Structures are given as C-alpha cells and as structure tokens.
Visitor: 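Dumping the structure here so I can ask a few things about it.
The figures that follow rest on heavy atoms only: side chains count, while hydrogens, waters and symmetry mates do not. These numbers were taken from a predicted model, which means no experiment stands behind them.
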Amino acid sequence: MKIEKTEEIEEVDYLPEATEFQQRLEEYLLIDQAPKTSKIDKNQIYIQPSIPLHLSRYVYHRCDDLKDVVEVYVKDMVLNDFGLEDTEADTHDIEKINNMWNNNENKLQLYYALLENAYAGYGALEIIEHKKHELYEVQQIPVQTINGIRVIRYKSEVTGNEYEFYFVEHRDNNGNQVLLKIVGKNYTLLEKYCPTEELEKIKYNEMNWCLWFGGCQEDMFYDIPRWESCSEKIYTNIAIKKMNLAKIRRGNVAAGVLLFEGPPILPDPENPDEKRIDKHLEENLDQTNGGTMFAYLTTDNDERGITMQYQALTDNNYGYLENLEEANKRSIYKTYRVPPQRLMLMENKESMNSNQSEKILETYATHEVRPNQMFIKSPLNMFNNKFLKIKSNISISTPEFVDNTATKLDTIIKGFNNALLTLGKALQLIADIYPQVDIQEDIQEDDELLRMRFYNGRVLGDAQPDIEEQNKYNNVIDDKMP
C-alpha cells in the first residue's frame, strides 16, 4: 500500500471579526451565569437581587434599544395626571395629591426610581418631611448606592420567638451607611420589645422612611427584570455593535471591484491635458465613496466597445448579522410589550385614511400601561394612607396618543339628549374636558334643574324648568367661555 503525504489546508477566515464577536458574546453569557448569592457577614445579613446590579447597569447603558424601550415604558406609566378613585373625595385630599404627586419634582424623582426598577428590578425613594409646613417630598436613591435589604433579627424574651425586620441600607452623599424604614413594613414589635441600647446602635429613632419598588412571585423585595428573558439576544446586539465599531476604526473595507474592459485610449497630442475615459470613470466612482475599487483593462481590439463587470469581495455574513440585530430588537420590544409605533418606528407604510397605528397605541395604553400601573399604586396608596391620611386609592391616567376630545364631547351630548345623563352630570363631564366651563362654584348642588333629564330638549316628568334658572346657567356659561 502506498501512503502519500497530504498537505494541510490552511483555514481561511473570511470574516475576521467573527472570532472577536464570539469571544465577546461568550464573555457576556459567562457574566450572566455568575453565582447569585446573598451577602452574609458575621454580624449582618443582606438580601441581594438575583440579577447582579453590575450586569443590569451594563445592559441598560450598552444596549440603546433596551434603554429606549424602558424609558418610554416608564414614562407612559408615570408621567401622567394623578388623582383619587373616589369621585366624591374631599377637596382637601385632592389638594394633597396635587401637592405631592402632581408636583413636577416629586413626579420626576418617582420616574427615576421606577426607571431603575424597570431595568434593575428595584428602586427606592427616600421620604423627606418638612414638619413646619406639613409637606413631604421624595428623593430617588440611586441603586448603585444601595447595599441591599438589611435583615435585623431579634428574639423576644417575652414570647421566645425570633422576628425579622427589614431595612434599606444605602450610602449617603457623605459616604455613611444609612438605614431606612420601608413603608408597608411593621416595626411595632421591634419598637415595643427591643432594648433601647440595641435601637440606639442602629439609630432607629433617627431613621427616615422610604418607598420601595420591587418584588415579584419569586422574591419579596426584587423583581426579575423583563429583559432577562431575552438576555442572550441583548448580549448579541451589544457584541454586533462593538464589532461594527471596531470595523469602522480599522477603516472601510472594499465591497467589490468594478472592472472595465475596453480599447486602449492614447493621449491626444493636440489636447495633452484632456482626461481619458478611464480617468473620468475612476474620479466619478471615488466621489461616491461607495467602497468600490476601480480597474480599467485594455484590449488589443480597437473596434470592441467598453464592457463592465462587478465582482463582490465580501459574502453576506454582515447582512445576516444586520438581520439578526433587527430580529433581536423586535424581541426586546415584545418583552416589554411596547409597540414599535410608540418608538416612532413604522414597520409598514399606512394609507392616510388608516388608523391602524392609533388602534395599536390605544390597545397598548388600555391593556398594558393601565394594568402595570397597579404595581405603582400599591406603595403610593400605603404612603398616602400613612402620611397624608388619605383613605381613597390613588388613580393614574394613561397617555392619550390620539385627540379624542370631539368623540368624548359627542358622547356626552348624545347621552344628555337621550335622557341618559342629568344636566348636572353632563356639565360635570364637559368641565373635565373644558375646565373653563366648570360652574360648580357658581351654582347650588341641590338645584332641582341639575337633577332633571331631557329627551331631545324636552324635560322628562311633570316638573318643568324655571325660565329664570335656565337664563342664569346660560349667563354663567357665557361668562366662563373665552
């Protein structure tokens, strides 16, 4: 048997960036698989999030698609009007809500805390009380300054049971470690049975309160961020962007060669400065900056015309990565259930008479934004009950992406003309749309005319409206209108 030595074939790397891409992707995946343990010291116990904070901050600041969708998502939930669900709530309580949660600065701090909750799984607001004016303000606590949920255990000598009490520990502006009580947690047993010297060690009487946003079916204090379900796709998009940036820094790579073949063109002795056809072609291609190399080959046949041929130098790997990045973007939007239209990304062209985008945005506000506001309302209701002494639940409006004023007004008018609404209720609903026609302060609530119903202009029942009363309301409304 004759054995011949075969030469080893050298493997050619047609996409040199692929190796770097693979290395970076594996690096991110290893970070995500890092152990998620609680920080336990000899004398102190902390509850930590299951998703490491450094990873959450990395994907938020490195993946612009995630950053955009998270910010829009939180804005739609928070930056709206706050009120009370009880339509007959005391005006003093409504004023408290306006001073607290319709205050622009407090609302901005709430937005910051919920933004961190959306990408990190938790957020917090410190409550600052101005006792002199009986006012409160809130200050967002950056998540990178939070050490975790501090657990303090105390065994009662009276009952013999051991109890756990939870505090937020964070680093203040002076670098001091500060404990905060959490609104909604009960510290009565600690205050009643814990020795005074033990309370002094943790400066219990000096503690402020805080609002904590976090917790899910798997963890009492921390959410699992939505982006975790598509984390590998996010890491892929980050790696693709880094690869493209490295390619740009190295300089553009020619995409192909445009080859011209034609007869030799000799200089004209009478016009030596006149450019030849190959020079004209080369200059025109250079001006386009198309990443295409130029070549002009001459033939011996003077009668043959000029031919042109294009030869690609790259394969479609970059096209594949571009399509992959777009698919991953859609996965991120889907994870947060934010439609591309909300981010001003129109995937398909619509006719001028189409209202498909309006319907999608309306569905998004009704079936996604409003239900998720429930997780915001719970801590706010606890704050309102404890500090503002308000019993009614808070209400938060949803964004209106389409002006439905005309539709709302038409519905009110039809309801009034068909005796479905009393005059007083119709005026109240109109005042919600046009505040300038609010006449509540100019009329008496027990006025009989306000309780009447009309069907196509005629009053129902035996009672008839007083002409003077009608003129009074007409004059009041005329004065209110601009």
Side-chain angles (χ1 to χ4, degrees), residues 49-51 56 59-60 63 65-85 97 100-102 106-125 138 140-141 143 182-184 210-231 234 329-345 357-385 392-402 404:
S50 59
I51 307 298
S56 299
V59 297
Y60 173 71
C63 183
D65 303 310
L66 175 65
K67 193 173 188 290
D68 290 343
V69 74
V70 165
E71 291 179 357
V72 165
Y73 174 74
V74 177
K75 285 177 183 176
D76 290 342
M77 287 199 299
V78 179
L79 301 185
N80 303 298
D81 293 329
F82 288 70
L84 292 174
E85 292 182 358
I97 293 295
M100 185 67 205
W101 299 118
N102 285 323
N106 285 343
K107 190 178 293 186
L108 182 63
Q109 297 300 318
L110 176 62
Y111 165 75
Y112 289 151
L114 292 171
L115 185 63
E116 293 190 325
N117 168 264
Y119 77 79
Y122 59 103
L125 288 172
V138 289
Q140 178 240 357
I141 305 173
V143 288
I182 303 173
V183 174
C210 76
L211 280 171
W212 181 263
F213 300 94
C216 63
Q217 74 277 13
E218 297 185 18
D219 195 302
M220 182 168 58
F221 291 102
Y222 300 101
D223 292 340
I224 297 177
R226 289 192 181 188
W227 61 260
E228 173 66 11
S229 63
C230 63
S231 57
I234 291 176
K329 282 184 182 180
R330 290 192 291 271
S331 296
I332 297 173
Y333 303 154
K334 185 178 179 181
T335 298
Y336 282 87
R337 300 187 183 93
V338 176
Q341 289 87 342
R342 181 64 186 91
L343 299 168
M344 307 303 176
L345 301 175
S357 295
E358 295 178 3
K359 291 181 179 178
I360 291 174
L361 292 173
E362 185 177 352
T363 302
Y364 161 69
T366 304
H367 299 289
E368 184 58 32
V369 175
R370 182 172 292 140
N372 281 294
Q373 288 176 337
M374 176 184 66
F375 301 103
I376 307 174
K377 292 178 181 179
S378 180
L380 298 186
N381 284 332
M382 289 187 289
F383 169 85
N384 293 339
N385 185 274
S392 175
N393 290 332
I394 199 168
S395 65
I396 308 174
S397 65
T398 55
E400 292 188 3
F401 302 106
V402 181
N404 294 319

Visitor: I need the Arg226 CZ to Tyr73 OH distance, nearest 0.5 Å.
Guide: 3.5 Å
Visitor: Can you confirm whether or not the ring centre of Tyr122 sits under 6.0 Å from the ring centre of Trp212?
Guide: yes
Visitor: Of all the heavy-atom pairs spanning Met77 and Asn372, show the shortest one and how long it is.
Guide: SD-CB, 3.5 Å
Visitor: Atom CD of Glu85 and atom NZ of Lys377: how far apart are they, to the nearest 0.5 Å?
Guide: 5.0 Å
Visitor: When you check the gap from the basic side-chain N to the acidic O, do Lys67 and Glu71 get nearer than 4.0 Å?
Guide: yes
Visitor: What is the minimum heavy-atom distance between Ser229 and Thr335, and which atoms define it?
Guide: OG-CG2, 3.5 Å
Visitor: So which of Val78, Leu125, Val70 actually passes side-chain contact (heavy atoms from CB on, under 4.5 Å) with Leu114?
Guide: Val78
Visitor: Please name the pair of heavy atoms, one in Asn117 and one in Phe213, separated by the smallest distance, quoted to 0.1 Å.
Guide: ND2-O, 3.1 Å
Visitor: Working to the nearest 0.5 angstrom, can you tell me the gap between Ile376 CD1 and Ile394 CD1?
Guide: 10.0 Å
Visitor: Which atom names give the shortest non-hydrogen contact between Gln373 and Ile396, and what distance separates them?
Guide: OE1-O, 3.2 Å
Visitor: Asp223 side chain to Pro225 main-chain N or O, any donor-acceptor pair under 3.5 Å?
Guide: no
Visitor: What do the steps show when you test Phe82 against Leu110 for side chain to side chain contact (heavy atoms under 4.5 Å, CB included), and what is the final call?
Guide: CA-CA 12 Å; Phe82 288 70; Leu110 176 62; 4.0 Å; yes
Visitor: Does Glu116 reach the main-chain N or O of Ala124 with its side chain, forming a donor-acceptor pair under 3.5 Å?
Guide: no
Visitor: Can you check whether Glu368 reaches Val338 side chain to side chain, under 4.5 Å on heavy atoms?
Guide: no
Visitor: Taking all atoms of both residues into account, what is the closest heavy-atom pair of Leu361 and Pro339, and its distance?
Guide: CD2-CG, 4.1 Å
Visitor: Got a second to check how far Leu380's CG is from Trp101's CH2, nearest 0.5 Å?
Guide: 5.0 Å
Visitor: For the side chain of Gln109 and the backbone of Gln140, is there at least one donor-acceptor N/O pair under 3.5 Å apart?
Guide: yes
Visitor: I need the Tyr119 OH to Leu66 CG distance, nearest 0.5 Å.
Guide: 10.5 Å
Visitor: Would you say NZ of Lys334 has more than 12 non-hydrogen atoms from neighbouring residues, nucleotides or ligands within 6.0 angstrom?
Guide: no
Visitor: Nearest 0.5 Å, please: how far is OH in Tyr364 from CG in Asp76?
Guide: 3.5 Å
Visitor: Is there a donor-acceptor contact under 3.5 Å from the side chain of Trp227 to the main chain of Ile332?
Guide: no
Visitor: Any donor and acceptor pair, going by atom type alone, linking the side chain of Asn385 with main-chain N or O of Asn381 inside 3.5 Å?
Guide: no
Visitor: Quick one: closest heavy-atom pair of Leu211 and Phe383, and the distance?
Guide: CD2-CB, 3.9 Å
